[in-house]
Student: 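Quick one: this structure, given as structure tokens, is what I'll be asking you about.
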Amino acid sequence: MNVKTSVDVGVDVGVDVDVVVVGAGPTGLMLAGELGGAGVRVLLVERRPHPSEAAKAGGLAGQILHLLHYRGELDRFRGPQTGPEPAPRFPFGGLHLDFTVLDDSPMRAVLLPQPKLERVLAERAGERGVEVRRGHGVVGLSQDEDTAVVEVRGPDGRYEVSARFVVGCDGGRSRVRELAGIAFEGTAFPEIERLASCTVPDSVTVLDDGSLEVDGVGRVPFGYTATERGVFACSGSGGTMGVYTAEVEQREYDDDVPMTVAELRASVNRVLGIDLPLGEPLRMTRFGYSAKQAGTYRDGRVLLAGDAAHLFPAGGVAINAGMMDAAGLGWRLAGAVQGWAPPGLLDGYAEARRAAAERTLLHTRAQVALRRAHGPTGDALRALVAELAVDEQPLLRLGALMAGTDVGGSASPGHPLVGTVLTDHALRVGHRDPRFSGVLHGGRPLLLDMGDRPELGEVAEAWSGRVDVVTVPLDERPADALLVGPDTMIGWAAAAGEPAESAAASLREALQAWVGVPPDGR
């Protein structure tokens, strides 16, 4: 549509709701909950009449776990997980990276199949007053300088909803993105990936190294095997076995048609040339990979988040990225609706999350090259990367990329934490230090005082209601104080021992850039 608005604040116009969120996957549910918690009137529409029971993702990983810890919500998501927190070992382009050798792994995960994750997020959104309409699909979209209007087809016919903003969280085939005329360029790989976890049948023995001993076949090695026909991987532990295949297929599968055990066994036979017995399925999913990014995350009053904004050609990253998009957009969008957002705040969402997506595209595209290479050259490439990945610094860098914490830093002279994200490592504290659980509970920007600097808290008091102030004294601290966004982005820092006058002045400037002029106009 290419309709731009220079106004990022709420205007007094007649609208049905403040924000329409399209798509009730993890990104849309997370965003709706963020907005509802901020007092924004939200309507969430989803074209599917019922939540999907397909476990497309198996859990949460990366920076989203830090965010949930700082929000004080991690236990809520850990509660329904299907097992203990797995050891930090993760696939990477046909390899397995072992982060257990590090004292502090930059990459961790929580097992939580996507249907259970979506139920937790839906409950959270409902508690915050969000209305969800399932079986309602968007078929039209228009906007002007003041409002956006979506045309929806529901069980009882078509209707229109006007809003200040519309956010497309409706996946890689986003209807919102299409109707807005936003480009979605990149590469779609002609591969079908199949992934399953199942019980171990009597004819299979799981060996100590995770390999499988199959009657009549022999030993099937743990990890990835690349052949001319595709990629196969297997693992076994705790009475279960995991199986993965990737092969080129010139066809598309309907997401609503579940994968079967017979389909997976046929794929294993084509790729590896063996008949692999499988037990009872515990989780089965089929998907394709693309490397794409939207030309813009914002077109006037239409925004994109999650898979509607970016697709990555590797597993384990999409939900982390999408939920972090939601956390980065929610508070900014609330400020635009409520009228306190300074100029450029909403555009800052697009800038920050596009940069984060570029880093994720970097390592996932590299994984494609590693995964798809076969023969002696492919084996040599994986062997070399595996050798490098046992050293601490390469392993730390790869882990940060996978976790979504390697998002750059300050482009200008200043504190090195500015422009990065808050992690336990950045705070120099232990994993999930309980002192920091819930510091971002309010879903607002946070002044985190670690150096007993009450004069900085006095500065932030002018923005009471928009900024929280929390004091957690630390002897070994990375800074005296940090200004942290609800998405864990660090926007300002006072170096240890920085004079009060300069620290207060720079904090006031940072607060004005993030939350506008103080409510009393000072």
Side-chain angles (χ1 to χ4, degrees), residues 34 37-39 63 66-73 324 327-328 330-332 334-335 338 340-342 344-345 348-349 352 407 409-410 412 414-429 433-522:
E34 296 289 284
Q63 183 62 12
H66 286 288
L67 183 145
L68 293 173
H69 170 60
Y70 299 138
R71 293 287 186 89
E73 297 185 86
M324 291 302 297
W331 70 279
R332 297 171 185 266
Q338 294 164 355
W340 53 258
L345 182 70
Y349 155 74
V407 294
S410 178
S412 58
H415 199 284
L417 287 180
V418 175
T420 67
V421 290
L422 192 68
T423 63
D424 294 337
H425 179 75
L427 290 170
R428 302 177 189 171
V429 299
D433 189 310
R435 292 174 294 177
F436 293 91
S437 177
V439 294
L440 283 170
H441 175 72
R444 293 178 290 271
L446 165 72
L447 177 65
L448 182 59
D449 179 4
M450 299 173 290
D452 190 20
R453 301 291 298 266
E455 76 279 8
L456 299 178
E458 291 174 4
V459 172
E461 284 181 2
W463 285 269
S464 178
R466 298 184 198 167
V467 177
D468 294 329
V469 180
V470 175
T471 299
V472 183
L474 289 180
D475 292 333
E476 298 294 329
R477 54 187 179 271
D480 274 355
L482 299 172
L483 181 61
V484 185
D487 56 351
T488 70
M489 182 66 69
I490 299 172
W492 169 90
E498 182 176 349
E501 183 177 356
S502 63
S506 62
L507 173 59
R508 191 172 291 108
E509 182 179 348
L511 286 167
Q512 289 175 345
W514 265 15
V515 289
V517 297
D520 62 4
R522 287 185 293 167

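Since we're looking at a predicted model, the values are computed, not measured.
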Student: Would a 4.5 Å heavy-atom cut-off, applied to side chains only, mark V407 and Q63 as touching?
Tutor: no
Student: E498: what forms a salt bridge (charged side-chain N to carboxylate O under 4.0 Å, His left out) with it, not counting sequence neighbours?
Tutor: none
Student: For Q338 and A38, indicate whether the former's side chain and the latter's backbone hold a donor-acceptor pair under 3.5 Å.
Tutor: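 A pair under 3.5 Å: yes.
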Student: Looking at CE of M489 and CG of L422, how far apart are the two atoms once the value is rounded to the nearest 0.5 Å?
Tutor: 11.0 Å
Student: Please name the pair of heavy atoms, one in V469 and one in G457, separated by the smallest distance, quoted to 0.1 Å.
Tutor: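 Minimum heavy-atom separation between V469 and G457: CG1-CA, 4.3 Å.
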Student: For R453 versus A503, what's the shortest heavy-atom pair and its separation?
Tutor: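 Smallest heavy-atom distance, with atoms named: NH2-CB, 3.9 Å.
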Student: Hey, are the side chains of V472 and D433 touching, using non-hydrogen atoms and a 4.5 Å cut-off?
Tutor: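 No. Closest side-chain heavy atoms not under 4.5 Å.
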Student: Under a 3.5 Å distance rule, please check whether R332 uses its side chain to pair with a backbone N or O of G328 as donor and acceptor.
Tutor: yes
Student: Could you walk me through whether L447 and L507 pass the side chain to side chain contact (heavy atoms under 4.5 Å, CB included) test, one step at a time?
Tutor: CA-CA 9 Å; L447 177 65; L507 173 59; 4.1 Å; yes
Student: Could you note down all residue pairs passing ring pair (Phe, Tyr, Trp, His ring centres under 6.0 Å) where residues 434-457 supplies at least one of them, sequence neighbours left out?
Tutor: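 Sorted result for residues 434-457: empty, none.
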Student: Do the side chain of H415 and the main chain of L482 share a donor and acceptor less than 3.5 angstrom apart?
Tutor: no
Student: For residues D449 and L456, determine if any side-chain heavy atom of one lies less than 4.5 Å from a side-chain heavy atom of the other.
Tutor: no
Student: Please answer whether the main-chain N or O of E461 pairs with a side-chain N or O of S464 as donor and acceptor at a distance below 3.5 Å.
Tutor: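 Pair absent, no side-chain N/O of S464 close to backbone of E461.
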Student: If I compare all heavy atoms of A341 with all of L345, which pair ends up nearest, and what's the gap?
Tutor: CB-CD2, 3.8 Å
Student: So which heavy atom on A327 is nearest to which on P486, and how close?
Tutor: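 Smallest heavy-atom distance, with atoms named: CB-O, 4.4 Å.
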Student: Is the CD atom of E455 crowded by more than 12 outside heavy atoms at less than 6.0 Å?
Tutor: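 Yes, enclosed.
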Student: Can you list the residues that meet the side chain to side chain donor-acceptor pair (under 3.5 Å) rule with D452, with sequence neighbours excluded?
Tutor: none
Student: Taking the side chain as everything from C-beta on, heavy atoms only, tell me whether P342 gets closer than 4.5 Å to Q512.
Tutor: no
Student: Yes or no on side chain to side chain contact (heavy atoms under 4.5 Å, CB included) for D487 and Y349, after CA distance, side-chain angles and deciding distance?
Tutor: CA-CA 10 Å; D487 56 351; Y349 155 74; over 6 Å; no
Student: Taking atom OG1 of T488 and atom CG of L68, what is their separation to the nearest 0.5 Å?
Tutor: 10.5 Å
Student: List for me each residue that meets salt bridge (charged side-chain N to carboxylate O under 4.0 Å, His left out) alongside R428, sequence neighbours excluded, and say none if there are none.
Tutor: none
Student: First locate atom CG of L483, then atom CG of L446, and finally report the distance between them rounded to the nearest 0.5 Å.
Tutor: 7.5 Å
Student: Report the residues that fulfil salt bridge (charged side-chain N to carboxylate O under 4.0 Å, His left out) with R477, sequence neighbours left out, ordered by chain and then residue number.
Tutor: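 R477 satisfies salt bridge (charged side-chain N to carboxylate O under 4.0 Å, His left out) with D480 only.
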Student: Check each of R71, H66, H69 against L440 using the side-chain contact (heavy atoms from CB on, under 4.5 Å) test, and report the only one that passes.
Tutor: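 By the side-chain contact (heavy atoms from CB on, under 4.5 Å) criterion, L440 pairs with just one of R71, H66, H69: R71.
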Student: I need the minimum non-hydrogen distance between L427 and P478, along with the two atoms involved.
Tutor: O-CD, 3.7 Å
Student: Between V515 and W463, what is the shortest heavy-atom contact and its length?
Tutor: CG2-CD1, 3.3 Å
Student: With ring pair (Phe, Tyr, Trp, His ring centres under 6.0 Å) as the rule and sequence neighbours excluded, what pairs involving residues 479-516 come up?
Tutor: W331-W514
